[in-house]
Amino acid sequence: MSGKRLDELAGAGPIGAEAAGPGSSANVHLVGGGALTGADAPLYAPFVAEAAARGRAMGRTRPRIAVISVHPDGPGRAAVLVDVISAAGEFDPHVTAVHGGEEIGLAALADVDGIAVGGGIVEEVRAGLEPLFDELRRQVADGVPYLGVSAGAMIAAEGSLDGGSRIDGIVVSPEDPDEPGSELGIGAGIGLVDIAVEVHVAQRGMLSRIVAAVESGLIDGALGIDERTVLILAEDGLRVEGSGSVWRVLPAEHGVVVATVGA
């Protein structure tokens, strides 16, 4: 599956409520973080509805959803994600939880109707899932919806930002004054979206990071998602839901152009 293109995102129209069936590309749901309580369930409801439609097409009464967590807290963080998705609708969780430094096996994606990847340290989440990138792309292309939360959203991009806060030694996003940050790097992501994805944007001052990254030519463009906000990408457009905005950063003749897509 080719990633959702930036020019497609610019001309967004409404997305239909029904999920793609087997054999057609599914929607991609990207949550900007900070949405892990029952009150945030509406952000996850479209994903659960699409997984349920896929499950019905496969003969199941409840969707089977892969919930994958690569986090220093281990299984505890996966349980939080299961709880918030459960608040959005009934499903059978297929949970895989590891600490950073461990890889996820193919069994994590076996016979599922939806795939949810939680947050953590982005470099560790990316490394844990990298052996599954081809299979993730194949399943989304075949109609299995993808949900990425925080780092899980960042790695959905073709080129995934890491946690660096400097470009050519210049600070471009907040960092601990007692601990100098590292250079911003780009690693291979899943490739469900063909431009970089940033998260926690308004809440952690991350807009400056993607503005600087685009202006420097490090990346060709970016979408930044605020906390408690979901960006839903489909073949026919996008929509934004939640309390924040999605920030679109594109190169321009004399710098960059920044625009928002509100809920």
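For the numbers below, each heavy atom of this structure counts, side chains included, while hydrogens, waters and symmetry mates do not. Index from 1, following the sequence.
A chain of hydrophobic side-chain contacts below 4.5 Å, direct or via other Ile, Leu, Val, Met, Phe, Trp or Tyr residues, connects V48 to V80. V201 and V240 fall within a single hydrophobic cluster, where Ile, Leu, Val, Met, Phe, Trp and Tyr side chains are chained together by heavy-atom contacts under 4.5 Å. Linking Ile, Leu, Val, Met, Phe, Trp and Tyr whenever their side-chain heavy atoms come within less than 4.5 Å puts L207 and V256 in one cluster. Cluster membership check: V98 shares its hydrophobic cluster with F133, using side-chain heavy-atom separations under 4.5 Å among Ile, Leu, Val, Met, Phe, Trp and Tyr.
Here OG1 of T96 is found 5.5 Å from CD1 of I104. Values are rounded to the nearest 0.5 Å. Separating the CZ atom in R248 from the CG atom in L238 is a distance of 8.0 Å, to the nearest 0.5 Å. Atom CG of L231 is separated from atom CG of L233 by 4.0 Å, given to the nearest 0.5 angstrom. One distance of note links CD1 of I167 with CG of L184; it measures 5.0 Å at 0.5 Å rounding. The structure places CD1 of I195 at 8.0 Å from CD1 of I219, a figure rounded to the nearest 0.5 Å. Atom-to-atom distance recorded for L147:CG and N27:CG is 12.0 Å, nearest 0.5 angstrom.
V31 has its side chain out of reach of F47: every pair of non-hydrogen atoms, C-beta onward, lies at least 4.5 Å apart. The shortest side-chain heavy-atom distance between M58 and R64 does not fall under the 4.5 Å cut-off. Within the 4.5 Å cutoff, side-chain heavy atoms of R54 are placed close to those of V144. Side-chain contact between V199 and M206 is absent, with no heavy atoms from C-beta onward closer than 4.5 Å. Residues D226 and W247 have side chains in contact (heavy-atom distance under 4.5 Å, counting atoms from C-beta outward). In this structure, V261 and L223 have side chains that are not in contact, with every pair of non-hydrogen atoms separated by 4.5 Å or more.
Annotation: side chain to side chain donor-acceptor pair (under 3.5 Å) contacts involving residues 197-218, sequence neighbours excluded, comprise S150-H200, E198-R209, H200-E227. Among residues at least two apart or in separate chains, salt bridge (Lys or Arg N to Asp or Glu O under 4.0 Å) pairs with a member in residues 106-119 are R60-D111, R60-D113. Among residues at least two apart or in separate chains, there is no salt bridge (Lys or Arg N to Asp or Glu O under 4.0 Å) pair with a member in residues 115-129. Applying the salt bridge (Lys or Arg N to Asp or Glu O under 4.0 Å) rule to pairs touching residues 175-191 yields R166-E175, sequence neighbours excluded.
Annotation for L43 and P46: closest pair O-CD, 3.7 Å, computed over non-hydrogen atoms. Contact record, M154 with L161: CE-O, 3.5 Å, taken as the closest heavy-atom pair. For the residue pair A51 and P63, the shortest heavy atom distance occurs at O-CB, 3.4 Å. Between V95 and A78, the shortest heavy-atom contact is CG1-CB, 3.8 Å. The minimum heavy-atom distance between L109 and A66, with the atom names listed, is CD2-CB, 4.5 Å. The two residues A156 and L30 make their nearest non-hydrogen contact at CB-CD2, 3.8 Å.
Residues meeting the ring-ring contact (aromatic ring centres under 6.0 Å, His included) test with H71, sequence neighbours left out: none. When the side-chain hydrogen bond (donor to acceptor under 3.5 Å, both in side chains) test is applied to S86, no partner is found at least two apart in sequence or on another chain.
No donor-acceptor pair closer than 3.5 Å links the side chain of S160 to the backbone N or O of G189. With hydrogens and angles ignored, the 3.5 Å screen pairs no side-chain donor or acceptor of R62 with any backbone N or O of G55. D168 contributes no side-chain N or O that, together with a main-chain N or O of I170, makes up a donor-acceptor pair within less than 3.5 Å. For the pair R137 (side chain) and L192 (backbone), a donor-acceptor distance under 3.5 Å is absent. Side-chain atoms of Y44 come within 3.5 Å of backbone N or O of A35 as a donor-acceptor pair. Using modelled atom types, no side-chain atom of E135 and backbone atom of L132 make a donor-acceptor pair closer than 3.5 Å.
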Kindly indicate, with the supporting measurements, whether the criterion side-chain contact (heavy atoms from CB on, under 4.5 Å) is fulfilled by E158 and I186.
CA-CA 10 Å; E158 188 173 286; I186 311 295; over 6 Å; no
